[in-house]
Amino acid sequence: MDARLTAEQRELRDAAARLAADLGPKSVLDLADAERAARLEKAVAATGWRTLRSDGASGVEVALVAEEFGRGLVDAPFLGPSLADDLRPGAPGTTIAAGGTAVDAKGCTEAVVLDGAEVRAGDVGAPVPGADLTRVNAAITGPLRAVAEPPPEHAARWPALAIVVTCADLVGAARGAHALACDYAKVREQYGRAIGANQAVAHPLAEGLALIEGSVSVLRHAAWAVDELPAADALRAARIAKVYCADAARTVCETAVQVHGGIGNTWDCLAHVFLRRALASAHLFPVRLEEIDLGLS
Amino acid sequence: MDYRDAPAEAAFRERLRAWLAERAADFPTSGDDYWTRQGDWHRALYGAGFFGLSWPREHGGQELPPVYDVILDEELARAGAPPRPSLGYLVQGLGRHGSAELRRRFLPGMIAGTERWCQGFSEPGAGSDLASLTTTAARDGDAYVVHGHKIWTSYSDVADHCLLLARTDPDAPRHKGISAFVIAMDQPGVEQRPLRMINGVTTEFGQVLFDGARVPADRMVGAPGEGWALAMTVVGHEREPSTLGYAARYGKVVRELAARTGDAPPRELAWAAVQTEMLRLHVRRRLSEQLDGVVHGPDGSLDKLLMTWAEQAVGHAALAVGGAADPDLLATYLYSRAQSVMGGTSQIQKNIIAARILGLGA
């Protein structure tokens, strides 16, 4: 039994973190910087990470990149195209659809959905409003057409992969929001001292770190399970991770808003950008408590 | 990365499973019956080669990687056996701070269960603020004479020895005047008083009054004034992932509750299942990190918080399934309330995380 990342996986994680830190938005104003966004898109495209799955990478690798991109609020598509690549390799500009909407669809022309054993595709239309300020959802125009039929064993694993990648994005958003709040708690002064010196502020931040560590633990296992456990067990692991990570990320992001006080409730504070991203990932391939299998191992 | 058992781990699991199938049913798993028979259970486990797995060979351990403790805990829970006796923190305290002579004399019996131990740290006036302890040990020839009142002393009524913190230098700064001793419990000047907990159990915790009890000077653990360092070692290991073996036990409770609720389990039970699985996987990740030689410092406080939340979620699930009327489930719930207090309160854990990991100190 060994739950450690390999050296290659740690390198991939660090590279994704560097890219996000270099070119991701560092402020709400940065979100509107088209030149930065274009450089980010070019850099992400150059890594080839959107085709990790068809290049033979495991769920762990995809999750590592998704987590770092969530942490850095990367506003170039990754989650959608990566999941699409698992269903329909060799089709750049393709993302996924969920609930009749193309997800994470910026710059994409086609969206695919797994319908039973069949992969069906539709054209991506105009953007639709959503909570997330870093990723764009869009309408699907015209009827869906059958484009592929992956091997049943492969298709059976896709739902677990899809849930796991949303979990990774949630963990990343939680980590980013938590770091933002901790930094602020060290510099914001009231009553003549940093607010983080008060237990009333410090304790929710301490709880947040514990929630993040618990989230990493369930995510890591679920990401490994995507390729290594029978499909039903992989889905079970993914569902547990989703329930835990979605709850944890919302709590951590809400804490980040609260720690920022009045400023945290203004548009120009990044805290709500993390919260919005977390909400979007929580509601993409959602899992309800009623779906949790109580037959624990 | 592979969460599955390696071949040697699988073989160990098989042997353990076979042994448990024969022996587990002989030992009670809860309440006063459990605490009364805990010594027998400890010796049976050790005798069969299933206890002290990761501890040094020279003291009777097997020096296996810590993941074997996880396998042990999982199989104990699966078999419905009692949990593994929780001793790691005492082994670490004595092992790290005791002289070679003290280690040779005491660790083998502690690990094998032939000598029973308790821990004399907390006092009525020194809980979270342990350094304010007032029990004294005054030098008298070749011995120290101890006066003071200890509380929350687990299994004090059956203990042969106590790892005791006492003030040896009343004039030193409060953290520096404390020393640690191995004191014999069976002597005049040691009075035992039981402590009845909110779930009705009386045999888990005790109070001990020292009134002129004697301890030879060569049973001081470490140097005079080293008691605080030993205390930090012990409480740090109380929060270590490998001592969070109860994680596996929560899974057993959740399965039992699920069997009683059928098709419509309460939401509290599903949430407890999620928390329990989180903790199981968290312990596995933490123990894997130890393979890299990662030494756990303040991180243990994160593990302790996660464990507390899991146990209290299971407690709430027991309440949701049984209401307050089912005495066993009520006891499970009530016992869970102590988890956020024992081994350092959740508030203290959060102080440690905030100051030492997040850098939010005052």
Side-chain angles (χ1 to χ4, degrees), chain A residues 1-6 9 58 60 178-179 181-182 185-186 193-199 201-225 228-229 236-237 239-245 247-248 288-297, chain B residues 1-6 9 65 67 70-71 74 78 250-252 254-255 257-259 261 265 267 269-271 273-289 291-292 299 301-306 309-310 346-347 349-355 357-362:
Chain A
M1 200 283 296
D2 187 348
R4 290 174 299 177
L5 298 175
T6 64
Q9 288 166 341
S58 76
V60 177
H178 189 259
C182 287
K186 289 174 197 174
R193 62 175 186 269
I195 58 170
N198 300 300
Q199 290 181 331
V201 175
H203 283 191
L205 291 170
E207 290 171 9
L209 187 62
L211 290 172
I212 288 168
E213 288 297 318
S215 297
V216 170
S217 293
V218 283
L219 166 63
R220 176 93 43 96
H221 174 258
W224 170 82
E228 299 292 337
L229 292 185
R236 188 180 149 271
R239 284 176 169 160
I240 284 170
K242 184 66 183 261
V243 167
Y244 191 87
C245 294
D247 183 83
R288 293 173 303 119
L289 264 182
E290 289 74 13
E291 295 173 271
I292 294 301
D293 177 3
L294 297 178
L296 292 153
S297 48
Chain B
M1 185 194 293
D2 192 342
Y3 281 80
R4 285 174 288 242
D5 287 346
E9 293 162 358
V67 63
V70 172
I71 296 173
E74 286 178 359
R78 183 179 172 275
Y250 304 152
K252 181 181 147 214
V254 168
R255 280 192 300 275
L257 292 174
T261 56
R267 290 176 63 81
L269 182 53
W271 183 240
V274 170
Q275 288 278 337
T276 297
E277 185 67 355
M278 177 280 297
L279 191 64
R280 184 179 80 86
L281 297 168
H282 183 72
V283 168
R284 285 178 161 235
R285 178 164 75 92
R286 289 296 223 199
L287 290 178
S288 294
E289 287 169 356
L291 297 171
D292 287 329
D299 290 7
S301 294
L302 294 166
D303 305 331
K304 170 82 192 322
L305 272 190
L306 291 173
W309 290 337
S346 289
Q347 286 71 29
Q349 310 303 339
K350 291 173 201 173
N351 283 351
I352 292 170
I353 295 163
I357 304 178
L358 299 178
L360 294 172

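Quick caveat: nothing in here was measured; it's all calculated off a predicted structure. Each chain gets a letter, A, B and so on, in the order the sequences are listed, and its residues count up from 1.
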**Study point:** Which atoms of Asn198(A) approach chain B - backbone, side chain, both or neither, heavy atom under 4.5 Å
**Key:** neither
Check your understanding: Val243(A) versus Trp271(B): any side-chain heavy-atom pair under 4.5 Å?
Key -> yes
Study note, to complete from the structure: Looking only at Ile352(B), Leu305(B), Val70(B), Leu306(B), most heavy-atom pairs under 4.5 Å shared with chain A are made by Leu306(B)
Review point. Top residue by heavy-atom pair count (under 4.5 Å) with chain A, among Ile357(B), Ile71(B), Leu269(B), Leu358(B)?
Key: Leu358(B)
Point to revise | Contact leader toward chain B among Ala225(A), Ala179(A), Ala206(A), Ala237(A), where contacts are heavy-atom pairs under 4.5 Å | key: Ala206(A)
Check your understanding: Should we say atom CZ of Arg267(B) is surrounded by more than 12 heavy atoms from elsewhere, each under 6.0 Å from it?
Key -> no
Review point. Side chain, backbone, both or neither: which part of Glu290(A) has a non-hydrogen atom closer than 4.5 Å to chain B?
Key: side chain
Study note, to complete from the structure: d(Tyr244(A) OH, Leu281(B) CG) to nearest 0.5 Å is 11.0 Å
Practice item. Pick one of side chain, backbone, both or neither for Ala202(A), based on which atoms fall under 4.5 Å of a heavy atom in chain B. Key: both
Determine all donor-acceptor pairs shorter than 3.5 Å in which one atom belongs to a side chain in residues 209-223 of chain A; sequence neighbours excluded.
{"unit_1": "Glu213(A)", "atom_1": "OE1", "unit_2": "Arg285(B)", "atom_2": "NH2", "d": "2.7"}
{"unit_1": "Ser215(A)", "atom_1": "OG", "unit_2": "Leu211(A)", "atom_2": "O", "d": "2.7"}
{"unit_1": "Ser217(A)", "atom_1": "OG", "unit_2": "Glu213(A)", "atom_2": "O", "d": "3.2"}
{"unit_1": "Ser217(A)", "atom_1": "OG", "unit_2": "His282(B)", "atom_2": "ND1", "d": "2.7"}
{"unit_1": "Ser217(A)", "atom_1": "OG", "unit_2": "Arg285(B)", "atom_2": "NE", "d": "2.8"}
{"unit_1": "Ser217(A)", "atom_1": "OG", "unit_2": "Arg285(B)", "atom_2": "NH2", "d": "3.3"}
{"unit_1": "Arg220(A)", "atom_1": "NH1", "unit_2": "Ala3(A)", "atom_2": "O", "d": "3.0"}

Revision key, fill the gap. Between the CD atom in Glu289(B) and the CG atom in Asp2(A), the distance rounded to the nearest 0.5 Å is 10.5 Å
Check your understanding: Which region of Gln349(B), side chain (C-beta onward) or backbone (N, CA, C, O), has a non-hydrogen atom less than 4.5 Å from a non-hydrogen atom of chain A, or is it both or neither?
Key -> neither
**Study point:** Spatial distance of atom CD (Glu207(A)) from atom NZ (Lys350(B)) [nearest 0.5 Å]
**Key:** 3.5 Å
Point to revise | Any side-chain heavy-atom pair of Glu228(A) and Met1(B) under 4.5 Å | key: no
Exercise for review: Test side-chain contact (heavy atoms from CB on, under 4.5 Å) on Gln199(A) and Asn351(B) and set out the steps.
Suggested key: CA-CA 7 Å; Gln199(A) 290 181 331; Asn351(B) 283 351; 2.9 Å; yes
Study note, to complete from the structure: Nearest heavy-atom approach of Ala273(B) to Leu294(A) is CB-CD2, 3.5 Å
Study note, to complete from the structure: Rounded to the nearest 0.5 angstrom, the CE-CZ distance for Met1(A) and Arg284(B) is 5.0 Å
Point to revise | Rounded distance [0.5 Å steps], CD in Glu277(B) versus CG in Asp293(A) | key: 9.5 Å
